[in-house]
Amino acid sequence: MFDAITFPDRLTVAVPAQLAEAVRTVAAARGLTGADYVRGAVQARLMLDGANFDRLPDLKRVATRRGPSRAL
């Protein structure tokens with residue numbers, strides 16, 4: 001059975017436009033939503049820093065693609 005994952009809290013950060021576009025480009029190239037890509041990146045950084053938290057499962061919700069896929 002599929003257990004629904006809920007995300008009751010939000011992190012909001014301001015980033016330069018170039019960084020935001022890079023996230024969108026890489027996430028689309030991997031077939032992920034931007035949110036799942038960022039969640040994975042934050043989780044990876046926290047693991048490197050030795051933070052104590054419950055790890056997320058491998059998030060692979062696919063984003064709908066408009067037009068041809070974009071290369072990195």
Side-chain angles (χ1 to χ4, degrees):
M1 276 297 205
F2 174 77
D3 290 330
I5 299 172
T6 59
F7 300 113
D9 206 347
R10 290 190 169 274
L11 297 175
T12 304
V13 298
V15 297
Q18 188 176 20
L19 184 62
E21 182 58 27
V23 167
R24 286 189 283 273
T25 300
V26 174
R30 290 178 170 255
L32 297 172
T33 63
D36 280 346
Y37 181 84
V38 171
R39 283 183 194 105
V42 169
Q43 177 174 259
R45 185 64 220 194
L46 289 170
M47 288 174 10
L48 286 172
D49 290 341
N52 185 20
F53 64 96
D54 293 330
R55 286 162 176 66
L56 295 171
D58 192 14
L59 299 172
K60 291 187 178 180
R61 290 174 292 195
V62 292
T64 57
R65 292 187 182 190
R66 295 178 191 152
S69 63
R70 298 173 3 182
L72 298 178

Exercise for review: Could you state whether Leu19 and Val13 fall into the same hydrophobic cluster, counting links through intermediate Ile, Leu, Val, Met, Phe, Trp or Tyr residues with side-chain heavy atoms under 4.5 angstrom apart?
Suggested key: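 In one cluster: yes.
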Review point. Is Val42 reachable from Phe53 through a run of I, L, V, M, F, W or Y residues, each pair having side-chain heavy atoms under 4.5 Å apart?
Key: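 In one cluster: yes.
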To the nearest 0.5 Å, how far apart are [atom1] in [X] and [atom2] in [Y]?
X     : Y     : atom1 : atom2 : answer
Arg39 : Thr33 : CZ    : OG1   : 6.5 Å
Thr25 : Arg30 : OG1   : CZ    : 13.0 Å
Leu48 : Gln43 : CG    : CD    : 11.0 Å

Exercise for review: Quick one: closest heavy-atom pair of Gly34 and Ala27, and the distance?
Suggested key: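 The pair with the smallest heavy-atom distance is CA-CB, 3.9 Å.
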